[in-house]
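What follows is a single structure, written as structure tokens, with notes after it.
Numbers here simply count residues along the sequence, with the first being 1.
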Amino acid sequence: MNWKTDLKLSDLDAATAIEVVCKRCGLARYETPAQLITQEGFSNLYLDEVEYTLHCQDRFCRGGVRISLIHDDKNEGFVGGMA
């Protein structure tokens with residue numbers, strides 16, 4: 001069990017960025033849940049199923065992809081330092 005098997009695509013906020021990176025060629029792109037839900041059959045999928053269904057957009061590669069969520073924490077400060 002991990003976060004990809006626990007979360008559905010519809011559970012995410014519509015503005016959440018999802019990074020999609022090809023495992024074969026490294027081509028990266030960014031999608032939102034709103035963009036993916038509009039595709040046929042994606043509305044009830046868990047994130048691991050979305051990752052399995054997506055593929056590289058390069059027409060010559062078509063490799064499998066890895067997805068990750070992008071968190072934009074602009075208010076995060078420096079935690080470390082010298083004592």
Side-chain angles (χ1 to χ4, degrees):
M1 297 292 289
N2 63 17
W3 63 274
K4 291 180 185 176
T5 58
D6 291 338
L7 285 174
K8 281 190 171 186
L9 189 59
S10 59
D11 292 339
L12 298 175
D13 183 31
T16 303
I18 300 173
E19 182 181 37
V20 181
V21 179
C22 178
K23 294 180 198 176
R24 185 183 299 166
C25 71
L27 181 69
R29 69 180 192 267
Y30 295 93
E31 302 277 348
T32 63
Q35 292 171 332
L36 292 174
I37 286 175
T38 59
Q39 295 181 14
E40 184 70 30
F42 273 66
S43 60
N44 293 323
L45 293 181
Y46 285 92
L47 292 181
D48 63 330
E49 297 169 328
V50 171
E51 183 177 58
Y52 180 76
T53 306
L54 290 175
H55 55 273
C56 183
Q57 282 189 330
D58 185 5
R59 66 181 180 170
F60 297 112
C61 178
R62 302 304 249 187
V65 297
R66 172 186 51 83
I67 64 171
S68 58
L69 298 178
I70 304 300
H71 299 285
D72 190 18
D73 296 331
K74 294 180 182 177
N75 297 328
E76 188 175 315
F78 181 69
V79 179
M82 298 180 67

Please identify each residue that fulfils side-chain hydrogen bond (donor to acceptor under 3.5 Å, both in side chains) with Ser68, with sequence neighbours left out.
Glu19

To check you understand the geometry: which heavy-atom pair defines the closest contact between Val65 and Cys56, and what is its length?
CG1-N, 3.7 Å

Under the side chain to side chain contact (heavy atoms under 4.5 Å, CB included) test, residues paired with Thr5 that sit two or more places apart
Met1, Asn2, Asp48

Using the test side chain to side chain contact (heavy atoms under 4.5 Å, CB included), find all partners of Asp13 that sit at least two apart in sequence or belong to another chain.
Ala15, Thr16

Hits for side chain to side chain contact (heavy atoms under 4.5 Å, CB included) against Ala34, two or more places apart or cross-chain, chain-then-number order -> Ala14, Thr32

Does any pair with a residue in residues 1-10 pass salt bridge (charged side-chain N to carboxylate O under 4.0 Å, His left out), and if so which ones, sequence neighbours excluded?
Lys4-Glu51

In chain order, what residues pass the side chain to side chain contact (heavy atoms under 4.5 Å, CB included) check against Ser43, with sequence neighbours excluded?
Ile37

Are Tyr46 and Leu7 close enough that some pair of their side-chain heavy atoms sits under 4.5 Å apart?
no

Please check if Leu9 and Tyr30 belong to a single hydrophobic cluster, counting links between Ile, Leu, Val, Met, Phe, Trp and Tyr side chain heavy atoms closer than 4.5 Å.
no

Distance (rounded to the nearest 0.5 Å) between Leu47 CG and Ile18 CD1:
6.0 Å

Here the gap from Leu54 atom CG to Leu36 atom CG, rounded to the nearest 0.5 Å, amounts to 6.0 Å

Which atom pairs, one a donor and one an acceptor, fall under 3.5 Å between side chains of residues 22-29 and the rest of the protein, sequence neighbours left out?
unit_1 : atom_1 : unit_2 : atom_2 : d
Arg24  : NH1    : Cys61  : O      : 2.7
Arg29  : NE     : Glu31  : OE2    : 3.0
Arg29  : NH1    : His55  : O      : 3.3

Can you check whether Ile67 reaches Val21 side chain to side chain, under 4.5 Å on heavy atoms?
no

Kindly check if the number of other-residue, nucleotide or ligand heavy atoms within 6.0 Å of CZ (Phe42) is above 12?
yes

Pairs meeting criterion salt bridge (charged side-chain N to carboxylate O under 4.0 Å, His left out) with involvement of residues 55-68, two or more places apart
none

